[in-house]
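Below you'll find the structure, written out as structure tokens, and then a few comments.
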There are 2 protein chains.
Amino acid sequence: MKTKLSKITPLENLSLVDKVELRLKEYFKENDLKIGDSIPKELEFAEALGVSRTAIREALLRLRTIGVIESKKRKGMVLTQPDIIQNFEKAIEYNLLGEEALVDIFELRLILEMGMADLLFARKTQKDIDELDEIVSKQEQEETDTVVFSLKNEIAFHGRLYEISNNSTLQRFQDLLLPVFNYVHDNMPKGAKDYKYSKGKFVTHRDLLNILKNDNAETFREAMRNHLEPHFERILNIIKSHPNL
Amino acid sequence: MKTKLSKITPLENLSLVDKVELRLKEYFKENDLKIGDSIPKELEFAEALGVSRTAIREALLRLRTIGVIESKKRKGMVLTQPDIIQNFEKAIEYNLLGEEALVDIFELRLILEMGMADLLFARKTQKDIDELDEIVSKQEQEETDTVVFSLKNEIAFHGRLYEISNNSTLQRFQDLLLPVFNYVHDNMPKGAKDYKYSKGKFVTHRDLLNILKNDNAETFREAMRNHLEPHFERILNIIKSHPNL
DNA sequence: TTTTTGTATTATGTCATACAAATAAAGTAC
DNA sequence: GTACTTTATTTGTATGACATAATACAAAAA
């Protein structure tokens, strides 16, 4: 059996800055530092660890990059609550994700849409319903009776759903996933955009809204599954390579 | 008379390194650089942008921290595919997430469990089923007939489900969420661990497995919803603050 | 007294230079 | 051609200096 070798760092292949970073992490843990606490200044760390200010700065810069600390002139460095989504964002901005990662992310979005039904029903307010209604009505006027996807409308409707979840991490995650979604959508094969639904009954935004208004999470999930069917079809037909098996 | 100072835009407050980082990003985009491409050396950038090597290094270090580039001595810097989960990981390691973010993440995990049913049914193999069977059987031997949660068993079973998804981003995401899950689990109020199910019928791992074996995604979802009911109950009863409304 | 303005202090930000360390590439011996 | 040694190059680290911004506080003005 292949044992998990996930988080074991090779011995002493660490650069000086790596070591400094580890020591800093230790220091934070030992002193049980919390958000808002300030930490010693660069020169003090440098002296205490016996390395140059350069090494300390590089280590601290890493922490700043992942959002664990913030620095202000004269004031020094302060521990901050890291913005976990922001790091995601930054990495994505560089358009360096491979095909596989993009597909993974696309799937992730479908999973989220399917999984958040219970949250929606628990947290929906009348205001949410009203605003969704407005969105849907506007879309109905705009669109002809065709089933063609308008990406803009998709985003408006589904984005509003995420807001109802009242889970800001989830929301920001979705914001982040949008560019990927767009990318995959734009690169859709032509036929995909007028997809024929297996069971004939296409669930529209209006349908979803009505269910959200009057029905329950279970019904909503299955309706959403139908609504997303073209996406699922495409995804589930991709034979994924199994690189790490 | 004292004039109103209403409409004057603050001038750019970017640090030099910030600007350098932006220029680097531009450079990558303009030259349409891809994974594996190598970029000019630090001194060349420094000269080209008219700043010190220090500034360049700090900007590049940021990129290295988020995993967009890798550096090797003598060889220089090479664009790499960023590991989007890793950044998440690093931020979490410092235990600086606030209560709200933790709850968000916990919710996210429930959402994932609920949402991934279709992937499971599309990708399950006989091997997956067999191994799950083994896991469940072992658990049945271990546990008495009580319904008490054994965290270890939860992880083994649900972790295996994530593997079936064959979405490595999702899997790593789940690995990452585990500590948070543990934390919330450990801090559970005492009564929560022997939760009474609303409809009397508690869905066990065995039940889930049988459904995965013989039934369909829809049934699986609702079974999972039941299985996760105690967690949902706790989450959905939390009145979340609405900081940004 | 209150408010504004100047000034000193201090920690981070940036620069310049030098050297250490790793290693790809070239060279050398066989 | 292979194995070993040397060289050149690029990043990694150290040091010292100065710039910049935020802060506290003193001084001046209202």
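Letters go in sequence order (proteins before strands), and every chain restarts at 1.
Residues from residues 60-72 of chain B lying near DNA chain D, meaning a heavy-atom separation below 4.0 Å, are B:Arg64, B:Ser71, B:Lys72 in numerical order. Contact check of residues 21-37 of chain A against DNA chain D (heavy atom, cut-off under 4.0 Å) returns no residues at all.
In this structure, A:Arg109 forms no cation-pi arrangement with A:Phe173, as its terminal cationic atom is not both closer than 6.0 Å to the ring centre and no more than 45° off the ring axis.
Electrostatic pairing of A:Arg160 and A:Glu134 does not count as a salt bridge here, judged by no charged N lying under 4.0 Å from a carboxylate O. Salt-bridge annotation for B:Arg123 and B:Asp118: absent, with no side-chain N of the basic residue lying under 4.0 Å from a carboxylate O of the acidic one.
In this structure, B:Arg57 atom CZ and C:dG13 atom P are separated by 16 Å, rounded to whole Å. One interatomic measurement links the two molecules: CD of B:Glu44 to C1' of D:dT11, which rounds to 13 Å at whole-angstrom precision. Taking atom NZ on B:Lys75 and atom P on C:dA24, their separation rounds to 7 Å, with Å as the unit. Taking atom CG of B:Leu43 as the reference point, atom P of D:dT10 lies 9 Å away to the nearest angstrom. The CD-P distance, from B:Glu42 to C:dA16, rounds to 15 Å in whole Å. If you measure from atom CG of B:Asn13 to atom P of C:dG13, you get 12 Å, rounded to the nearest angstrom. At whole-Å resolution of the value, CG in B:Leu14 and P in D:dA21 are 12 Å apart.
Atom NZ in A:Lys90 sits 8.5 Å away from atom CG in A:Asn87 (nearest 0.5 Å). Taking CG of B:Leu112 as the reference point, atom CE of A:Met114 lies at 13.0 Å (rounded to 0.5 Å).
Taking the salt bridge (Lys or Arg N to Asp or Glu O under 4.0 Å) definition, one finds that B:Glu26 meets it with B:Arg23, sequence neighbours left out. Scanning for side-chain hydrogen bond (donor to acceptor under 3.5 Å, both in side chains) contacts around B:Asp83 gives B:Arg172, with sequence neighbours left out. Residues passing the ring pair (Phe, Tyr, Trp, His ring centres under 6.0 Å) test with B:Phe121, sequence neighbours excluded: B:Phe220. With sequence neighbours left out, B:Glu42 forms a salt bridge (Lys or Arg N to Asp or Glu O under 4.0 Å) with B:Arg53, B:Arg57. Considering only residues two or more places apart in sequence or on other chains, A:Tyr162 meets the ring pair (Phe, Tyr, Trp, His ring centres under 6.0 Å) condition with none of them. Applying the side-chain hydrogen bond (donor to acceptor under 3.5 Å, both in side chains) rule to A:Gln126 yields the partners A:Asp130; only residues at least two apart in sequence or on another chain are considered.
Here the side chain of A:Asp104 pairs a donor or acceptor atom with the backbone of B:Thr169 at under 3.5 angstrom. Side chain of A:Asp37 to backbone of A:Lys34: a donor-acceptor contact under 3.5 angstrom is found. Of the possible polar contacts, none joining the B:Lys124 side chain to the B:Ile129 backbone as a donor-acceptor pair under 3.5 Å is found.
The side-chain heavy atoms of A:Leu61 and B:Val17, taken from C-beta on, include no pair separated by under 4.5 Å.
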At a cut-off of 3.5 Å, list every protein nitrogen or oxygen paired with a nitrogen or oxygen from nucleotides 7-10 of chain C, distance to 0.1 Å.
residue : atom : partner : partner atom : Å
C:dT9   : O2   : A:Arg74 : NH1          : 2.3
C:dT10  : O4'  : A:Arg74 : NH1          : 3.4

Contacts under 3.5 Å, N or O only, protein and nucleotides 14-18 of chain D:
residue : atom : partner : partner atom : Å
D:dA14  : OP2  : A:Ser52 : N            : 3.2
D:dA14  : OP2  : A:Ser52 : OG           : 2.6
D:dA14  : O5'  : A:Ser52 : OG           : 3.3
D:dA14  : N7   : A:Thr54 : OG1          : 3.3

Would you list the atom pairs, donor with acceptor, under 3.5 Å between side chains in residues 66-82 of chain B and any protein atom, with sequence neighbours excluded?
residue : atom : partner : partner atom : Å
B:Ser71 : OG   : B:Arg64 : NH1          : 3.1
B:Thr80 : OG1  : B:Gly67 : O            : 2.9
B:Thr80 : OG1  : B:Val68 : O            : 3.4
B:Gln81 : OE1  : A:Gly98 : N            : 3.3

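With the end axes of the helix from C:dT1-D:dA30 to C:dC30-D:dG1 each set by five pairs, the angle from one to the other reads 10° at 10° resolution.
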